[in-house]
Amino acid sequence: MENNNYPKKNLISTQVDLSKYRRLTLEEKQNKETESEHSTYFGDAMKRFRKNPLGMTAFFILIFVLLLITVSSFACPYKYDEILTINGVRDITAKNLTPFTYSERELEAMKEGAKVFPHIFGTDELCRDYFSRVMQGTRISLFVGLFASIIVLFIGSIYGSISGLAGGRVDMIMMRVVDIIYALPDMLIVILLSIIIGSVFPRNGNGIIARMGANMFSLFVVFALLYWVSMARLVRGQILTIREQDYIKAAKMIRTPESRMIGKYIIPNCISIILISATMQIPAAIFTESYLSFVGLGVQVPMPSLGALANSARSSMQLYPYKLIFPAFMIALIVFSFNLLGDALRDAFDPKQKQ
Amino acid sequence: MLSYCLKRIGLALLTLFCVIAITFFAMNAIPGGPFDAEKAPSPEIKQVLMERYNLDKPLPEQFIAYLGNLLKGDFGISIKTGRSITETILTSFRISLNIGIYAIIVALVFGLILGCTAAAFANRWPDRVIISLTSIIVSVPSFVIASILMLVFCLKLRWVSVWSATDPNYVLPVISLAVFPMANIIRYTKSSMLDVMGQNYIRTARAKGLAEWKVIFKHAFRNASIPIITYIGPMIAGVLTGSVVIETVFTIGGLGFQFVNGITNRDYTLIMGTTIFLAAIIILITLLSDLLYKAVDPRIKL
């Protein structure tokens, strides 16, 4: 410090006057080092995510929905396609009950001491418990969303990474295909393909398709054929940017084999963005399913989905508006939460992208 | 620029051809011909019918004939009603066009105004209210929004009359068709406005002492609205496919209604006609909006 007492060359120079500062003591230096903990990319992102109130709310709502559909499958004694019975006899008075009411027969049975589980959402026009139908619908809709997004994730990332890694003419041709599929009016093609797949595959029988329902199968085929393109573009773009990064150049310099480069550097660096985009795909799939249910191409009766329930409730909505409200509310809740969750995850994992 | 235009036009034509091919061959993949209905005609009559509609020829030949007819603007006739599909499409499209244009105007006007408001009051209560509303709107399927609007305003409150061909009431169909694109426009406008408001020329405009509203509308808004052009294509596609839902809910005899009708009646030629017609419009509009975007903002690299 004693050597640093240079006189200022110029009066208005911004040269730092070192005599005003002192060196850190050894102890302070050590403290400084222990202050910033070792943190990983994932840990940092999760920390940012936990600080986002909207994202956390969405996360807890989804946990709540998951708990609800799991618990209800044990707690609720009615099955989704079960027509209500009292002592083994079909209960015709239990038609279109409003929430938390009992049918005449059930009231009689209760007077005799029998226990009847309440109809939380009432019953539908075929005397089925509406709560268990809505819960089953939620399960189906969530399953459709999850499975569709897995398909998209799988096909999109394989196609995108082949295209991005191969480069050159292969990349160009593969991207032209993507361009064309991207430009197709998706909803129209979805409906078209659903009609065809629905009529080509047998509706009865014991195959997997028949058990799943031809319409649900066609929904997945449609996702596998059409919806992967934006994922493929995303993955390809990620790979192209990562390949330009300095650490990849450095890895190339020390002759890291290509396979190790992909496994060690490229995939881990784009996996979070791919997963986030897959999360965003879930509400899109739930929406598409409800749209298909609307035009009568959704899951097969008596299997309910939220979209199919909401759609069939439209015809009697003037008398029983709650039948429309319950499934519609569930769709809105799930889609809303997934959208918020996706946004929050994107902000947490990719803070640069946030404006 | 020219090579870009040619490339885009080529791609659009190729896409359109793919749509036609997919539609045609997909419809032919369905088992059972058009004359295998409940009341199947006798083999002789069937033979005559097949010959009349060129169904006895091999598939590729049928496809070429179909393409030729399409070029002449002939979509064939409905196999259920026997009416000319071109006529059905044109009359029903006029209705859809009316509603669609109103919906696009409503979505653009309210979307831009609310988007600018949200950007101007970023992170304050007007922004929060607008953005939460849009998040809720995009979470509810359009047929639910339309049904609830109809239930509340037509059936319960009786503020507006239900749609009928003689007394068309555009209010509810237009609102329910417009809310979804409006929500997207609000989001785009907000992020684009925030982007622009950080630019140097805005600082310059403020530095020379312009009133804040002038800065926002004259300098920021004009530049912020450019990226909205790219949304025009998807928006029109959304309005057209959305009209499928809205027209069915309100029982308006537009193009979307015909499409759903075709699906429920399994009227394959009608489905083919409407699909190709709608797809052509969507592809054309997307092409135009892409070219327009490039023309308006030369900074965009291709």
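All chains are named by letter (A, B, ...) in the order of the sequence lines, taking the proteins before the strands, and each is independently numbered beginning at 1. Keep in mind the model is a prediction, meaning the values are calculated, not measured.
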Practice problem: Find the one option among A/Ala332, A/Gly307, A/Pro327 whose heavy-atom pairs under 4.5 Å with chain B are most numerous. | Solution: A/Ala332

Exercise. Using a cut-off of 6.0 Å, state whether more than 12 heavy atoms not belonging to A/Tyr182 lie near its atom OH.
Key: no

Quiz item: In terms of heavy-atom proximity below 4.5 Å to chain A, should B/Thr274 be classed as side chain, backbone, both, or neither?
Solution: neither

Quiz item: Got a sec: does the CZ of A/Phe64 have more than 12 other heavy atoms crowding it under 6.0 Å?
Solution: no

Quiz prompt | Test item: B/Ser139 and A/Ile331 side chains (from C-beta on) under 4.5 Å apart, heavy atoms | solution = no

Quiz item: Can you say whether B/Val245 sits under 4.5 Å from chain A via the side chain, the backbone, both, or neither, judging by heavy atoms?
Solution: both

Quiz item: To the nearest 0.5 Å, how far apart are CG in A/Asn311 and OG in B/Ser147?
Solution: 8.0 Å

Quiz item: With a 4.5 Å limit on heavy-atom distance, are the side chains of A/Ile325 and B/Ile148 in contact?
Solution: yes

Practice problem: Pick one of side chain, backbone, both or neither for B/Thr275, based on which atoms fall under 4.5 Å of a heavy atom in chain A. | Solution: both

Practice problem: Apply the test side-chain contact (heavy atoms from CB on, under 4.5 Å) to residues A/Val295 and B/Phe259: give CA-CA distance (whole Å), side-chain angles for both, the deciding distance (0.1 Å), then the verdict. | Solution: CA-CA 10 Å; A/Val295 288; B/Phe259 184 60; 5.9 Å; no

Practice problem: For each of B/Leu240, B/Val249, B/Ile271, B/Ile283, tally heavy-atom pairs with chain A at distances under 4.5 Å, and name the one with the top tally. | Solution: B/Val249

Quiz item: Counting heavy-atom pairs under 4.5 Å to chain A, which of B/Leu16, B/Ile22, B/Thr248 comes out on top?
Solution: B/Thr248

Practice problem: Could you tell me whether A/Phe329 atom CZ has more than 12 heavy atoms of other residues or ligands within 6.0 Å of it? | Solution: no

Quiz item: Measuring heavy-atom distances to chain B, does A/Phe287 have an atom under 4.5 Å in its side chain, in its backbone, in both, or in neither?
Solution: side chain

Self-check item: Reported CD-to-CE distance for the pair A/Gln318 and B/Met150, which is rounded to 0.5 angstrom
Solution: 8.5 Å

Quiz item: If you count heavy-atom pairs under 4.5 Å between each of B/Thr23, B/Leu151, B/Val138 and chain A, which one has the most?
Solution: B/Leu151

Self-check item: chain B contact via A/Ile286 - which portion, at a heavy-atom distance below 4.5 Å
Solution: neither

Quiz prompt | Euclidean distance, B/Leu11 CG relative to A/Asp179 CG, rounded to 0.5 Å | solution = 5.5 Å

Quiz item: Side chain, backbone, both or neither: which part of B/Ile282 has an atom under 4.5 Å from a heavy atom of chain A?
Solution: side chain

Quiz item: Any side-chain heavy atom of A/Ser290 sitting closer than 4.5 Å to one from B/Phe143?
Solution: yes

Exercise. For A/Tyr322, look at atom OH and say whether over 12 heavy atoms of other residues, nucleotides or ligands are found less than 6.0 Å away.
Key: yes

Quiz item: How long is the gap from CG on B/Leu14 to CZ on A/Arg176, to the nearest 0.5 Å?
Solution: 10.5 Å

Self-check item: Residue A/Phe59 excluded, over 12 heavy atoms near CZ under 6.0 Å
Solution: no

Quiz item: Does the side chain of A/Tyr291 come within less than 4.5 Å of B/Val244's, by heavy atoms?
Solution: yes

Quiz prompt | Which portion of B/Leu278 sits near chain A, non-hydrogen atoms under 4.5 angstrom | solution = both

